[in-house]
Amino acid sequence: MFHIAGLNVTIFQIVATIFGIGILVFVHELGHFIMAKKFKLKVEKFTFGFGPEIFGYTYGETRYAVCAIPLGGMVKMPGEDIESATGSPGEFYSQPWYKRLIIAFAGPFMNYVFAVIIFAIVIFVWGLAKPSDLPKIGEVIEGYPAQTAGIQAGDTVLKINGVAVTNWADMAGYIHSHSNEELKLLISRSNENITFKIIPKKDDVSGFGVIGISPQFETEYVTLPASAWLGTKMVIFQSLFTLEYLGQKLIKFEKPDVAGPIGVIQYLAKAAKTGWRTLLHFLAVISTALGLFNLLPIPILDGGHIFIALIEGIIRRPVNKKTIITANMVGLSIIVLIFILATYNDITRIMQ
């Protein structure tokens, strides 16, 4: 057992966290590698991990290696750095705009594909959690009227103010429409009927009356194709939700609550402690976020390469080298600011 970043962690959690991050970055780089090879662009080196090489071999023009620090991977192509590009036909920046666009897009795309696969595996193996329609309480939230009144998880609501309750939706609708009014709930608990008096409080966001209860969940198993479709929908939903959240924060000039490296490590370690289902689910979430982040049109990121390639496709000529260098400096500054903000959020969370 070790104590890291405010957490007591096991060796398994450390290994799962390190290799989890490494696999996500490696999958990203694998996308770039596959398309570079597809377009017959020279790849000088393709590695899993960073730092000193543990072992490797050279096949054709490419050195394949496993390195000492398993936190990602690397694809090295000639002339991929605009400042060192000489204009040689075999260099990355000498390729047609559409090839550079596809090579850049392939990294984030692989993160999305990986996320869909992992989500699908989790759904197929462990099933899909669906809320039960029965008026049986699955969880009681601390500090809300239900807990204060003495209601417990596992209780079944039979009547509200003398009206019989047959399903969760009707029960919830009745509670929602009676904020700040006393209700009498007839509860069945261990073959005993108990009456509770409770006053729903008004939720500040929805305006509904709430007492702080949630339904029980049932597990539904689906076919592999259905799991893949649901995994795809989860990736799309997460991407759109993140974009909407960031857009709202920008419009309101508010600081977004984003997690940095420290936060990701903490969440991964906690997920690994909970079990494989939670760990794989969180890896899929991070993979989606990594793919989305790299698609943002920020210079240096893949989205920046895609944006420049699109401009070249429109104007039918290469973008000036000095312009790209300047844009990359601006992009680097943006990345550093995001990193500082995210790290500050992580440290603030730990200090709380």
Side-chain angles (χ1 to χ4, degrees), residues 2 4-5 9-81 84 90-92 100 102-122 260-273 275-276 278-291 293-294 300-302 305 335 339:
F2 300 90
I4 302 174
V9 297
T10 63
I11 292 177
F12 172 73
Q13 286 176 276
I14 295 173
V15 172
T17 300
I18 292 174
F19 277 93
I21 294 172
I23 289 171
L24 294 182
V25 180
F26 177 77
V27 164
H28 181 95
E29 297 298 327
L30 179 63
H32 297 315
F33 171 79
I34 292 173
M35 294 315 303
K37 283 292 188 179
K38 179 70 176 178
F39 289 132
K40 298 183 171 20
L41 180 62
K42 181 180 179 182
V43 177
E44 297 173 346
K45 196 170 186 179
F46 179 45
T47 71
F48 175 77
F50 300 104
E53 182 178 309
I54 299 176
F55 64 87
Y57 68 97
T58 301
Y59 180 78
E61 60 189 9
T62 305
R63 177 68 178 176
Y64 300 87
V66 174
C67 298
I69 306 173
L71 287 173
M74 179 188 69
V75 174
K76 185 179 180 182
M77 294 174 282
E80 60 182 330
D81 179 6
S84 63
E91 294 181 343
F92 175 75
R100 286 186 283 118
I102 294 173
I103 292 172
F105 177 75
F109 179 73
M110 280 294 286
N111 280 126
Y112 276 118
V113 171
F114 185 74
V116 169
I117 292 172
I118 298 302
F119 276 136
I121 290 173
V122 171
I262 298 174
V264 170
I265 290 171
Q266 276 194 311
Y267 293 137
L268 265 177
K270 290 179 180 178
K273 186 177 182 179
W276 280 104
T278 307
L279 175 61
L280 291 174
H281 180 90
F282 191 63
L283 282 175
V285 170
I286 299 176
S287 188
T288 303
L290 184 61
F293 178 72
N294 274 279
I300 291 185
L301 295 181
D302 294 323
H305 287 300
I335 298 300
F339 177 82

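What you are looking at is a predicted structure, and each value in this text was computed from that prediction instead of being measured.
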Which pairs would a plain distance check flag for residues 36-44, meaning a side-chain donor or acceptor within less than 3.5 Å of a matching protein atom at least two apart in sequence or in another chain?
from : atom 1 : to  : atom 2 : distance (Å)
K37  : NZ     : T62 : OG1    : 2.8

Where do [X] and [Y] come nearest, in terms of heavy atoms and distance?
X: P70; Y: F19; value: CB-CE2, 4.0 Å
X: G291; Y: P108; value: O-CB, 3.4 Å
X: H28; Y: H32; value: NE2-NE2, 3.1 Å
X: F92; Y: R100; value: O-CD, 3.1 Å
X: P78; Y: G90; value: CG-O, 3.6 Å
X: C67; Y: G49; value: CB-C, 3.6 Å

- Residue list, ring pair (Phe, Tyr, Trp, His ring centres under 6.0 Å) with F293, at least two apart or on another chain: none

- Is any side-chain heavy atom of V122 less than 4.5 Å from a side-chain heavy atom of W276? no

State the [atom1]-[atom2] distance between [X] and [Y], to the nearest 0.5 angstrom.
X: M110; Y: I117; atom1: CE; atom2: CD1; result: 7.5 Å
X: T58; Y: Y64; atom1: OG1; atom2: OH; result: 9.5 Å
X: T288; Y: I118; atom1: OG1; atom2: CD1; result: 10.5 Å
X: K270; Y: L279; atom1: NZ; atom2: CG; result: 14.5 Å
X: R63; Y: T47; atom1: CZ; atom2: OG1; result: 11.0 Å
X: M74; Y: F48; atom1: CE; atom2: CZ; result: 13.5 Å

- Query: Can any side-chain N or O of N111 pair as donor or acceptor with the backbone N or O of L24 at less than 3.5 Å?
  - Reply: yes

- Backbone N or O of L283 within a donor-acceptor pair of the S287 side chain at under 3.5 Å? no

- When the ring planes of H281 and F119 are compared, do they come out parallel, tilted or perpendicular, using 30° and 60° as the limits? perpendicular

- Task: Assess whether atom CZ of F109 is packed by more than 12 heavy atoms of other residues, nucleotides or ligands within 6.0 Å.
- Result: no

